[in-house]
Engineer: 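What follows is a single structure, and I will ask about it in a moment.
Residues take their numbers from the sequence shown, with the count starting at 1. Order of listing sets the numbers, starting from 1, for every ligand and every atom in it. All of these numbers come straight from a predicted model, not from anything done at the bench.
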Amino acid sequence: MTDNRPTIAIMTSGGDAPGMNAAIQGAYCNASELGYRVLGIRSGFTGLLEGDLFQLQDGDVKNIIQIGGTILGTSRCEEFQKETAQKQAADYCRKMGIQAVIIIGGDGSFAGAQKLADHGIGVVGIPATIDLDIGCSDYTIGFDTAVNSAMESIDKIRDTSRAHSCCSVIEVMGRRAGYIALWCGIANTAKTILVPEKQEMDSFIEHLKSIQFTDGTVIVAEGCGKAEEIAQKIQESLNIHTRANVLGFLQRGGSPTCKDRLYGCMMGAYAADLIHSGKRCHVVVSQNGEVSHMEITEALSMTKPFPDYLYHLNQVISKCN
Ligand code: ADP
Ligand code: F6P
């Protein structure tokens, strides 16, 4: 029997984020309800270039909402930066009768989505990254799980660190964004934090000297340098016992929190609604807690102001601790 339903496709791209599976589930279920055939693209833009697609069925989204990572797989696809690859992918979508692609990822993935749209393929982006660094959206799927995982790990490191009166330098994820470091800086009462948005690498040793730092927690976002090197610098400059810890992948994996499941599911379903209402170059956003949408070009032009108040708050509370 031929399947005459209009076709859409879903991919996850860039760094995975807990809650991506909830977004796949929300998008698939709502699109099916609205009468679409839904294809899953494996491994992000790599899968699109290789034609690695399959028809999603109800069974594929059963029991996935509580699982971290992404059932579709993801990738960082250098090849897709090339115009020839973008055209090839768009031609392939046309050949497969794909009317629109739902792209779940960070701002890099949105930039790739825009290239597909430039070549005539409908796209709807869903913000998902543990970094919280997408200008157009208050919230990005995955941040809540990641920041809670980091906070719990830092609590544990802090217990043993305090028992030995030593300094722990803890490296958290965030190559270009310091939101995990900033939130944990407050939630774990770090003595100081280093984030890429502030250029304080040269002055932080002076700061630690000025507060007569002897022990406690220093949280470093990945983009500011390696925990091991920073720990060595502190040990040599202040002559205190210092240990380095890298949290790494344990922040990005794990079962999503209720917030990430809810936002994932809601934004996924909303993306299907957008396609159904004829939107073809848009992204789903959260603004003041409400799910909404905007054109992808506008979304990509936006930057998120760094919350200086929270940065200052960390400095204030660390003085009493
Ligand atoms: P994230 O989506 O988490 O920000 P990346 O920055 O790694 O992750 O981007 C994910 C993928 O999006 C890249 O590997 C690449 O395939 C695609 N991409 C990123 N920037 C562009 C661009 N300017 N043009 C085309 N594709 C891009
Ligand atoms: O997905 C975002 C992110 O986790 C950043 O926080 C981090 O800097 C980067 O990806 C690390 O990615 P990978 O180690 O997979 O290259």
Engineer: So how far is it from N63 CG to I71 CD1, rounded to the nearest 0.5 Å?
Structural biologist: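 CD1 of I71 is found 11.5 Å from CG of N63.
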Engineer: If we ignore hydrogens and angles and just use 3.5 Å, is the side chain of D138 paired with the main-chain N or O of N288 as donor and acceptor?
Structural biologist: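 Yes; at least one donor-acceptor contact below 3.5 Å.
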Engineer: Mind checking whether E222 has an N or O less than 3.5 Å away from an N or O of ligand 2?
Structural biologist: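 Yes.
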Engineer: Using a cut-off of 6.0 Å, state whether more than 12 heavy atoms not belonging to Q66 lie near its atom CD.
Structural biologist: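 Yes - once you tally the heavy atoms of other residues, nucleotides and ligands closer than 6.0 Å, there are more than 12.
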Engineer: Can you name the atoms of ligand 1, numbered from 1 with element, that are less than 4.0 Å from a heavy atom of G14?
Structural biologist: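 Those of ligand 1 that fall under 4.0 Å from G14 are 3 (O), 8 (O), 10 (C).
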Engineer: Quick one: is the NZ or CZ of K198 closer than 6.0 Å to the six-membered ring centre of Y311, and within 45° of its axis?
Structural biologist: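 Pair K198/Y311 counts as cation-pi.
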Engineer: Do ligand 1 and G105 have nitrogen or oxygen atoms that lie under 3.5 Å from each other?
Structural biologist: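 In fact, backbone or side chain, G105 has no N or O that close.
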Engineer: Just let me know how F45 lines up against ligand 1, side chain, backbone, both or neither, with a heavy-atom cut-off below 4.0 Å.
Structural biologist: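 For F45, only side-chain atoms sit under 4.0 Å from ligand 1.
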Engineer: For F249, is at least one N or O under 3.5 Å away from an N or O on ligand 2?
Structural biologist: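 In fact, backbone or side chain, F249 has no N or O that close.
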Engineer: Are I157 and I219 connected in the hydrophobic side-chain network, where two residues link if heavy atoms are under 4.5 Å apart?
Structural biologist: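 As far as the 4.5 Å side-chain criterion goes, I219 and I157 are connected within one cluster.
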Engineer: Backbone, side chain, both or neither: what part of D16 comes under 4.0 angstrom of ligand 2, heavy atoms only?
Structural biologist: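 D16 to ligand 2: no contact under 4.0 Å from either part.
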Engineer: Any salt bridge linking K87 with D91? Criterion: basic side-chain nitrogen under 4.0 Å from a carboxylate oxygen.
Structural biologist: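 Yes, this pair counts.
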Engineer: With nothing but distance in play, are any N or O atoms of R76 less than 3.5 Å from an N or O of ligand 1?
Structural biologist: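 So ligand 1 has an N or O lying under 3.5 Å from an N or O of R76.
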